[in-house]
Structures are given as C-alpha cells and as structure tokens.
Visitor: 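Quick one: the structure is below, questions incoming.
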Number of protein chains: 4
Amino acid sequence: MFELDLRSRKPIYEQLVDKMKQLIINGVLKKDEQLPSVRALAQQLSINPNTIQKAYRELEMLGFIYSLKGKGSFVNQLSTQNNSEELKIIKEKLKKTLTEALFLGISLEEINDLMDEANRGIKRGEDND
Amino acid sequence: MFELDLRSRKPIYEQLVDKMKQLIINGVLKKDEQLPSVRALAQQLSINPNTIQKAYRELEMLGFIYSLKGKGSFVNQLSTQNNSEELKIIKEKLKKTLTEALFLGISLEEINDLMDEANRGIKRGEDND
Amino acid sequence: MFELDLRSRKPIYEQLVDKMKQLIINGVLKKDEQLPSVRALAQQLSINPNTIQKAYRELEMLGFIYSLKGKGSFVNQLSTQNNSEELKIIKEKLKKTLTEALFLGISLEEINDLMDEANRGIKRGEDND
Amino acid sequence: MFELDLRSRKPIYEQLVDKMKQLIINGVLKKDEQLPSVRALAQQLSINPNTIQKAYRELEMLGFIYSLKGKGSFVNQLSTQNNSEELKIIKEKLKKTLTEALFLGISLEEINDLMDEANRGIKRGEDND
DNA sequence: GTGGTCTAGACCACC
DNA sequence: GTGGTCTAGACCACG
C-alpha cells in the first residue's frame, strides 16, 4: 500500500506525509476514517515508530488529520479551512511547475491531458460519505 | 534580486540553484551571459563563497551553466539535451501539483490563467541571441 | 587499501571517486554493501571529512552509490541505467588510449593479455548477491 | 584544425597537449617538422600566448617535441626513448579503461573493432620520412 | 551514530 | 581577477 523509497534523498517521514496527503486527496482515506496506529504502521513498513509519529504530527499541523488522545488519528474535513495563504503557495508552485514544463517542451495538449487525469482522480470531501 | 530564506529547511545552495534555474528558464539570464562571480555574489548575499560555489557546481552538473576557470560562469544553451527521464519526472510532478490544486478548490479557470502567465513568461533558447 | 597521492594535481576527492568506482566495478564492493562512514574514512586516510563527503556526493550523482541520512552510504545496483552518452564517452576514451598504446610500441599480444585480465577482473551485478 | 572546447573543465593548455600528441601519434606532424610559433598559434586560436607556451613546455617535458632557441619547436623522434616507466603507466591506464568498458557492457567484438581502428590510424616514426 | 550543510579562511590553477 | 580545492570546526536532520 505504501511504497517508500528508502534510497530517496527525501526523508522517509516526508514521503509518508505526501503519501497520506495523496490518499486523502484521492478519497482513499475518507473523512473521519481512522488511520493505522503508529505502532502498526511502523511494523508493517518496518521503519522506526518515531518516523511515523513525526509524519502524523506534520499531517496534523497541515490540517489533514486530527488526533484524539487514546483513540487514534483520523482524517479531517478538508477544503473548508483553506486559508488563502495555502492557496497562494500552491498557486505559486503550480505556476513554477507549469513554466518549467513548458520550457522543457511539454505541449499545451499534454498538459491538458494531465489536467484531465488530475481532475478525474479527485474525490472531494462532499462526495465521500 | 535574490531573496534567500536563511531560516528555511531547504539548504541555501539549493534555493540558489532553484532561483538560477528560474532566471535562466525565464530568459532573464541569456545564453552565454556571465553569472555574478562566486565571490561577488557571496558578498552581495552575505553568505559564504563555498555555498555559492556548491550551487554553481550543481547547476553545472545539471547542464544549466558552464564554468571556465579564471573566466567565470556562464549560461548554457539549454532545451537540447532534454533526456526523457527529466520529462517524465516533471510530468509526474505537474500532475501531482495539479491534483492538489484542484483538490484545494482552485478552479480550472484559475489554472488556465496560470498557464497563460507561464506561457507568456517563457523565453526559449532560440529567442535569445 | 586506499592509496591517495596528496601531491597529485588530481584533486583528492576525484582520486577517491575513481578508487571507489574501481572497487565497485571490480566487485570488491558489492551491491547494497555499506561504504565506510564519512568520518571513519576521513580519519583512516587523515583527510578532511568534507573531502570524503564531496567524493560520496559525486559518486551518488554518478549513480554508483546511494546515501541514507542517518544510515550510511551504500553501493547501488549498476549496469542498468547505462545511458548511451556514457557509452560513447568511454568508447572514445578507449580508442584514444588504444591508439597511444599501440603507438608507444605495445604489441597486440600484450593488449590482448590486458583484455583477458580485465575480463577476468569483472564482477557484474548479477553475480553479486 | 584545432578544435578546443573552451567550456570543458579540462584546462585549455592540457587540451592543446592532447591534440598535439594525437597529431604526432597519427603522423600528421612528422619528425623534425616545425610547429606553429607560439604567437601565430595564439592568434589563430585567439587564446593567450602564455597558454600555448605552457602546452609546448609540457610537450617538451614529455619528450614529444624539442625547442631550439630562436628557431622554434619541432617534433621529436619518438618510440625510441620510451622508458619502461611510461609504458607501465599507459598499460595500467589501458587496463583500467578496458575494465570499465567491459563492465559497462561493451562487447569484446566492439573493442576489437576499436582496436582495428586504432591500429589503422597509427603512423609510426619509421614510416614517416 | 549517520549524512548534510555552512562558515571562515587558506592556497592553488588558470588566463 | 576568476573558479576550484581543502581544512578545521560547528551545527542540524534523520532514524
């Protein structure tokens, strides 16, 4: 389920954060669904529990999940509290990536295809339960 | 001209690499144009020359610039050696960013606007000399 | 084990890169085998850790090793991503060296002997684990 | 006639040395033939005369040319004073290159082809005048 | 413990 | 003057 690249220069916990974000964004993990426990996931992936812990903490800070003491971690309702700051950041990033893609010769058509794929992949919060 | 975030978790030299890439991609720095010298830029940004040097070295390995001992560092002719590997990576990244943007509620219209901006910003190699 | 020539015009870190490449190519260092730590090797060779680091970084960019923060540096699986560019370079170099050898009076027989030695010395990836 | 790569990381004077060696080895420059003067060559290649000077000095040290004060520089008779030291070095280098080539998957057949090419390219001293 | 980044300051090679 | 290498020593991030 999680494919981590232990050889990557990107820290494992960051990879985990990204994977989780993807799973939530793609609707695989739905609102209020419980995440695997730190220890369970650590064992499953055979990595240090501290690493999982760190990833969960970051996801919480980003507003993707919330944690209940003694209960576990759960998926948050998103796309509501999107402060404009986050939006600005992702827009900036998107523009930068688009520019680089165009510069490297990727055609507008290809980009539109990617956009369709992305659009199809989305499962927004309101559709989920 | 260069705004570095010394507090960022992203290493300074990497920020420099990104900035330079942007400047080259956007045509601000043109083919064979000389970059600021290692020492000069170091003084201007009040960071260590070795850090600049590291950034320049990386840019050289990435094919964005070339360095002549005793002469200086210069912008390379790009968009020629685009190996497919790079293309694949940027496409993947673009798709991921698009998905996240759409998920966060950015409309297709806004994205198209960004794409126009990006397209206008591009100055490709053949326009430069 | 490592014989460095501190007087040589070739930078120490480059000598290190070459030595390591040889050790990997000759199968002395096998796939996923851990390299000596930056600090350990630095002490053993009585050179600065930064120099080792630079060599390891270069080996990583060349695809010969991979590094895990907090874990160490390890030999990569090779002979898979041989892009044709590298092949062209080594062929050119080989032809030049052969020409020089022949010119200096080394016989075809001697060269064939060297080729046998080289061939025997090779330990390719598939033999290693 | 001389194609120098000003962008290369290899110093210009070293490139010059290599080119000259090739020209001598390939018999383009024959025994006792006069080399272009430092100033002429400098102008032709539009590089600094000091750089030419340095290259000639090195070629002289290597035994490829000799210089007569007030006369100029001339091609030496080679393949006679090949001390065994030089031979050992080139053999070592050849073996290393062969090993790397084989490791990278270049076939014995291809290497034999390169050897034929090299052999055909050679014009030894005794054939030259 | 590991690799990775950064600084301050020195020296070299090149042109 | 330029880029390039190296050292000594500090601090951080990761697991």
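In what follows, every chain begins at residue 1, and chains take the letters A, B, ... in the order their sequences are listed.
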Visitor: Can you work out whether D/Glu14 or C/Gly70 has the more 5'-proximal nearest nucleotide on DNA chain E?
Guide: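 Nearest nucleotide further toward 5': that of C/Gly70.
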Visitor: Could you report the tightest heavy-atom contact between B/Asp32 and D/Arg7, atom names first, then the distance?
Guide: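 Closest heavy-atom pair between B/Asp32 and D/Arg7: OD1-NH2, 2.9 Å.
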Visitor: B/Tyr13 side chain N/O closer than 4.0 Å to the phosphate oxygens (OP1, OP2) of E/dT5?
Guide: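 Yes, such a contact exists.
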Visitor: Could you give the NZ-to-C1' distance, from A/Lys10 to F/dG15, as a whole number of Å?
Guide: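 Value for this atom pair: 18 Å.
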Visitor: Specify the residue among B/Ile12 and B/Lys69 whose closest nucleotide of DNA chain E lies further upstream toward the 5′ end.
Guide: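 Taking each residue's closest nucleotide, the earlier one in sequence belongs to B/Ile12.
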Visitor: Rounded to whole Å, how long is the line connecting atom NZ of A/Lys54 with atom P of F/dA13?
Guide: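 A/Lys54 atom NZ is separated from F/dA13 atom P by 8 Å.
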Visitor: Among side-chain atoms of B/Asn48 and B/Tyr13, is any donor-acceptor pair under 3.5 angstrom?
Guide: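 No donor-acceptor contact under 3.5 Å links the two side chains.
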Visitor: What do the steps show when you test D/Met61 against D/Phe64 for side chain to side chain contact (heavy atoms under 4.5 Å, CB included), and what is the final call?
Guide: CA-CA 8 Å; D/Met61 277 180 43; D/Phe64 279 83; over 6 Å; no
Visitor: Report which part of the nucleic acid B/Arg9 touches: base, sugar-phosphate, or nothing (heavy-atom distance under 4.0 Å, all strands).
Guide: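 Here B/Arg9 touches the backbone only, sparing every base.
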Visitor: Is C/Lys21 salt-bridged to D/Glu100, going by a charged N under 4.0 Å from an acidic O?
Guide: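 So C/Lys21 pairs with D/Glu100 through a salt bridge.
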Visitor: Would you kindly give the CD-to-C1' distance between C/Gln43 and F/dG9, to the nearest whole Å?
Guide: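 Rounded to whole Å, this separation is 15 Å.
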Visitor: How would you label the contact of A/Asn50 with the nucleic acid (heavy atoms, under 4.0 Å): base, sugar-phosphate, or nothing?
Guide: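 If one applies the 4.0 Å heavy-atom cut-off, A/Asn50 turns out to touch nothing in the nucleic acid.
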Visitor: Assign each of B/Leu35 and A/Thr51 to its nearest nucleotide of DNA chain F by heavy atoms, then name whichever residue's nucleotide is nearer the 5' end.
Guide: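 By nearest-heavy-atom nucleotide position, the 5'-most residue is B/Leu35.
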Visitor: Any strand counts, and the cut-off is 3.5 Å on both contacts for Watson-Crick or G-U wobble. Which nucleotide pairs with F/dC14?
Guide: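 Partner of F/dC14: E/dG1.
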Visitor: Does any donor-acceptor pair link the side chain of C/Arg57 with the base of E/dG4 at a separation under 3.5 Å?
Guide: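 When only heavy-atom distances are counted, C/Arg57 does not reach the base of E/dG4 through any donor-acceptor pair under 3.5 Å.
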Visitor: To the nearest angstrom, how far is C/Gln34 atom CD from F/dG15 atom P?
Guide: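 Atom CD in C/Gln34 sits about 15 Å away from atom P in F/dG15.
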Visitor: What are the two closest non-hydrogen atoms of D/Lys95 and D/Thr99, and how far apart are they?
Guide: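 Between these two residues, the closest heavy atoms are O-OG1, 2.7 Å.
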Visitor: Measure the distance from CG on C/Leu4 to P on F/dT7 and round it to the nearest whole Å.
Guide: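 Going from CG in C/Leu4 over to P in F/dT7 covers 10 Å.
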Visitor: Between atom CD1 in B/Ile52 and atom P in F/dT2, what is the gap in whole Å?
Guide: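 Distance check: B/Ile52 CD1 to F/dT2 P gives 13 Å.
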Visitor: Round to a whole Å and report the spacing from CZ of B/Arg7 to C1' of F/dC11.
Guide: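 In whole Å, F/dC11 C1' lies 18 Å from B/Arg7 CZ.
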Visitor: Atom CG of D/Leu6 to atom P of E/dC14: distance rounded to whole Å?
Guide: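 Taking CG of D/Leu6 and P of E/dC14, I get 15 Å after rounding.
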Visitor: Check every strand shown and say whether B/Tyr56 touches a base, only sugar-phosphate, or nothing at a heavy-atom separation below 4.0 Å.
Guide: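 Answer is nothing: B/Tyr56 stays at 4.0 Å or more from every strand.
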